[in-house]
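To keep things clear, I will list the structure first and then write my remarks on it.
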Protein chains: 2
Amino acid sequence: MTERWLDETEMRAWVAFLDTSNLLLRRIDQQLREDGGLTQPQYELLTRLAEAPGQRMRMAELALALVASRSGLTYQVSQLEKAGLVRREAYTGDDRGILAVLTEQGEQALHRAAPGHLRVVRENLIDLLDRDQLATLADTLSRARAHLRATGGA
Amino acid sequence: MTERWLDETEMRAWVAFLDTSNLLLRRIDQQLREDGGLTQPQYELLTRLAEAPGQRMRMAELALALVASRSGLTYQVSQLEKAGLVRREAYTGDDRGILAVLTEQGEQALHRAAPGHLRVVRENLIDLLDRDQLATLADTLSRARAHLRATGGA
DNA sequence: CGGGGGTGGTTCGAATTCGAACTACACGGC
DNA sequence: GCCGTGTAGTTCGAATTCGAACCACCCCCG
C-alpha cells in the first residue's frame, strides 16, 4: 500500500469530508458569535462539561476530549472563567488536579445558544440525510474516531 | 423545528463527525510537519493549485475553495512564496487580479509529501470503510457541502 | 524515606487566523 | 468623460492556538 492513490469514489469521499468539515465549522462559529457571544470551540467545551457527571471535568481529560493542547485549554478556560461561564475548582485527591466546572451562568448561556446551533447542524447536515445514511455516517465515523484515538498516544 | 433536540443516532453521527474531523486534521498536520515541513492548510492550498488548469488560481477563488478569509490567504501565499513553492503573477484582463501559481519546487514538495499524507488518510478513514459505506459517505457529505455552499452568500 | 521518573497545569513566545479599514481598479449611468 | 458603487488584494491589530520550558506534586523502588 506504499503508493496507492485514491480512486474516484475515495477521492470524492475524502474531499467532501474535508470541505464539509471546514464549511460547517465556520458556519457554526458565525452563528454562535452572532447569536450569543460564544465561539465554536467554547460551545464545544461547555457542552462537554454539561454532559459530564457533576458538570465538571479534569483539565487534562477535557483537553483530550476536545482534541486541544493543554495550553490551549488553559487559555479558553480562563476566558470562560472571566465571562463567568466556568469556574475552576481544586480536585480532591490529587493536589495537582484542577476541575473545570460549569456555572449556572454557563448552563444558561448554553441553553440560549443551543437552539440556533442545533438549527445550523440540522439544516446543513442531519436533516439532509435519511435514517440509513445517518446510521452509516455514525458507524463509519465512530470507527474512524476509535482508530484515531487508539493510535494516538502510540 | 424550533426546538427539536437530536435523537440517539443523530447525536452519535454529529459527535462522531466533529471528533473525527478534529482528530484527523490534527493527525494530518502532525504527519506533514514531520515529513516535509508543510502544514495541513498549506498542503491543501498546494493541492488545489495542482488540480487547477495551468496550476494557477485567482486569489479570491482560491480563498473560496479553501474556506479561508482573503487576508488569511494573503498570509499563506506569502509564506509559500518565501519558501519558493508558489509564485504570484498578474492576471491579464483585470489589473486588480492576482494569480497564485504553483512552482516547480511546489510541485516537488507536494510530490514528496503526498505518500505520507495519503497513508494517514487511508489508515484512519478510507481503508476502514467498505465500498458501500464509502459511496454513502461521499454522497451524503457532497450533499451537505452543496447545501453549505448554496446558502453561503445568502 | 529519599530520590528519580512521570503527570498536571500554567506561562511564554511564535505562528496563524480573522475582520475592519484601506488602496487600486472596474463598470454602469449621467 | 466622470462619479458612485462594488470587487480584489493587502495591511493592521486583536484573538486564538500550539509546543517547549517550567514548577509542583505523585508514585515507585531501593
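By convention in this document, chain letters (A, B, ...) are assigned in the order of the sequence lines, proteins followed by strands, and residues within each chain are numbered from 1.
Summarising the geometry, the separation between CZ on Arg96(B) and P on dC25(C) is reported as 10 Å, rounded to the nearest angstrom. Nucleotide dT16(C) holds its C1' atom 15 Å from the CG atom of Leu38(B), rounded to whole Å. As rounded to whole Å, 13 Å separates atom P of dT16(C) from atom CD of Gln40(B). When the C1' atom of dG8(C) is taken as reference, atom CD of Glu89(A) falls 17 Å away, rounded to whole Å. For the pair Gln30(A) CD and dG19(C) P, the computed distance is 7 Å after rounding to whole Å. Here dC25(C) presents its C1' atom at 7 Å from CG of Asp95(B), a figure rounded to the nearest Å. For the pair Leu25(B) CG and dT17(C) P, the interatomic distance rounds to 12 Å; values are reported in whole Å. Taking atom CZ of Arg26(B) as the reference point, atom C1' of dT16(D) lies 13 Å away to the nearest angstrom.
Where Pro41(A) and Gly93(A) meet DNA chain D, the nucleotide closest to each residue was compared, and Pro41(A) sits on the side nearer the 5' end. Comparing Ile98(B) and Asp94(A) along DNA chain D, the residue whose closest nucleotide (by nearest heavy atom) sits nearer the 5' end is Ile98(B).
At least one donor-acceptor pair under 3.5 Å links the side chain of Arg27(A) to the backbone N or O of Leu148(B).
In this structure, Arg96(B) forms no cation-pi arrangement with Tyr91(B), as its terminal cationic atom is not both closer than 6.0 Å to the ring centre and no more than 45° off the ring axis.
For the residue pair Gln30(B)/Glu34(B), the side-chain donor-acceptor check at 3.5 Å is not satisfied. Between Gln76(B) and Gln42(B), the side chains place a donor N or O and an acceptor N or O closer than 3.5 Å (distance only, hydrogens not considered).
If you check every strand for non-hydrogen atoms under 4.0 Å, Arg33(B) touches nothing.
Residues Thr20(A) and Leu141(B) come closest through the heavy atom pair OG1-O, 3.0 Å.
Proximity of residues 54-88 of chain A to DNA chain D (heavy atom under 4.0 angstrom from any strand atom) is restricted to Ala68(A), Ser69(A), Ser71(A), Gly72(A), Tyr75(A), Gln76(A), Gln79(A).
No side-chain heavy atom of Met59(B) sits less than 4.5 Å from a side-chain heavy atom of Arg70(B). Gln133(A) places none of its side-chain heavy atoms less than 4.5 Å from the side chain of Leu137(A).
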